[in-house]
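So the structure is just underneath, and the comments pick up after that.
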Amino acid sequence: MNFDRKSIERLISLNDAELSQIIREIAAEAGVDTSGVILGSAELSKLRTFLSLASADDITRLISGLGGNKNV
């Protein structure tokens, strides 16, 4: 997955339901088990803040740290 700034900005602009679904899909593609992950409004707000400040490398490291595929 390519995390360019334009893609990240599109993610940030999604409503909560859309963002939650996309995050779960990205995580699943990366091999991350999200069955125990709660993505409520507070969590999504924090995620939007992180995404607005993070570099592509930061996001890749986050996914890898959660047990995802490093080649995402």
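All values derive from a computational prediction rather than experimental measurement.
- Separating the CG atom in L39 from the CD1 atom in I23 is a distance of 7.5 Å, to the nearest 0.5 Å.
- Contacts of E25 classified as side-chain hydrogen bond (donor to acceptor under 3.5 Å, both in side chains), with partners at least two apart in sequence or in another chain: Q21.
- Considering OG1 of T49 and CG of L44, their distance stands at 11.0 Å, rounded to 0.5 Å.
- In this structure, OG in S55 is found 8.0 Å from CD1 in I8, a value given to the nearest 0.5 Å.
- Minimum interatomic distance between T34 and A27 (heavy atoms only, all atoms of both residues): CG2-CB, 3.5 Å.
- Interatomic distance, L19 CG to I12 CD1, rounded to the nearest 0.5 Å: 9.0 Å.
- Taking a 6.0 Å sphere around CD1 of I38, one finds it holds 12 or fewer heavy atoms contributed by other residues, nucleotides or ligands.
- Panel note: side chain R24, backbone V37; a donor-acceptor pair is recorded below 3.5 Å.
- Side-chain N/O atoms of D33 and S35 include a donor and acceptor closer than 3.5 Å.
- Residue pairs meeting the salt bridge (charged side-chain N to carboxylate O under 4.0 Å, His left out) criterion with at least one member in residues 6-23, sequence neighbours excluded, are R5-E9, D16-R48.
- Applying the side chain to side chain contact (heavy atoms under 4.5 Å, CB included) rule to A28 yields no partners; only residues at least two apart in sequence or on another chain are considered.
- Atom CD1 of I26 and atom CD of E29 lie 7.0 Å apart (nearest 0.5 Å).
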